[in-house]
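Everything on this sheet refers to the single structure shown next.
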Amino acid sequence: MNNLLVNEKKAIHYWTSPSKFRLYREIKKACENKYSNATHDVEQSFIDCFNSLEHLFTKYEDNTASHKAIYRADIIENKYSKELSDDGLFLQFCNDHSKDEIFKFDDMICSFSSCHAQANKIATKNDKYKNERTPRVLFILENRISKYLYIADYSQLPEEKEILTFGKNSFKVVNQEVFENNYVEISIVEIENKGIG
């Protein structure tokens, strides 16, 4: 990913901006408008940024071969149709992501980190993080088949060592390790998109 164009650098800057306005969420809205039939009101600058990020995946080759494992940490949100305590939500999530389960991430454009510690640190900075018992997950991905791009060299937060992927990739759980305080580490492999919507 040498010699990025101005618009490509701008897109990465917007995506990785530490602004309290969470600019990446506007870029995700532009993505949802294009791929999920959403009708978010999105400024043209964010639409342009999304288009530039998407284009990176056709223009550049995967540059993550030197990273054996990459990591995605997240706050576990209640997306079930029932009220759940933090403990109940955590148990339900772990049950739904047990060994051999196949799933897709909600977002079309997903961030990972090449660093285990940084991934977890990023999750605790999430505005949905309340305290140490907030349900959290760390996905550990080793075997990858689609394209991933290491963008840290152009990021406003290079210490996060960010890696992007794009598309509705499918993943299979190969191991799950549960820790105290509603924290789980889930090892996954990417698989061909077969048999899952």
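- Clustering of Ile, Leu, Val, Met, Phe, Trp and Tyr side chains at separations under 4.5 Å places Ile75 together with Tyr129.
- Under the side chain to side chain donor-acceptor pair (under 3.5 Å) criterion, Lys168 pairs with no residue at all, not counting sequence neighbours.
- The hydrophobic cluster containing Tyr71 also includes Leu138, Ile140, Phe179, Tyr183, under a criterion of side-chain heavy atoms closer than 4.5 Å among ILVMFWY residues, counted directly or through chains of members.
- Connectivity analysis of hydrophobic side chains (ILVMFWY, heavy atoms under 4.5 Å, direct or indirect) links Val6 to nothing; its cluster partners are none.
- Environment of CG in Asn37: sparse, with no more than 12 heavy atoms of neighbouring residues, nucleotides or ligands closer than 6.0 Å.
- The side chain to side chain contact (heavy atoms under 4.5 Å, CB included) test applied to Gln118 returns Ser113, Cys115, Lys121, Glu159, Glu160, not counting sequence neighbours.
- Taking Ile, Leu, Val, Met, Phe, Trp and Tyr as members and joining any whose side-chain heavy atoms lie under 4.5 Å apart, directly or through other members, Ile122 forms no hydrophobic cluster with any other residue.
- For Asp100, the side chain to side chain contact (heavy atoms under 4.5 Å, CB included) partners two or more places apart in sequence, or in a different chain, are Lys172.
- Within the 6.0 Å centre-distance limit, the rings of Phe105 and Phe171 are counted as a close aromatic pair.
- Annotation: side chain to side chain donor-acceptor pair (under 3.5 Å) contacts of Glu142 (sequence neighbours excluded): Lys68.
- Evaluation of the ring pair (Phe, Tyr, Trp, His ring centres under 6.0 Å) rule for Tyr35 yields Phe166 as partners, not counting sequence neighbours.
- Remark: Leu91 pairs with no residue by the side chain to side chain contact (heavy atoms under 4.5 Å, CB included) rule, at least two apart or across chains.
- With sequence neighbours left out, Asn126 forms a side chain to side chain donor-acceptor pair (under 3.5 Å) with no residue at all.
- In terms of modelled atom types and a separation under 3.5 Å, the side chain of Ser36 and the main chain of Ala38 share no donor-acceptor contact.
- Every side chain to side chain contact (heavy atoms under 4.5 Å, CB included) that Asn7 has, sequence neighbours left out, goes to Leu5, Ser52.
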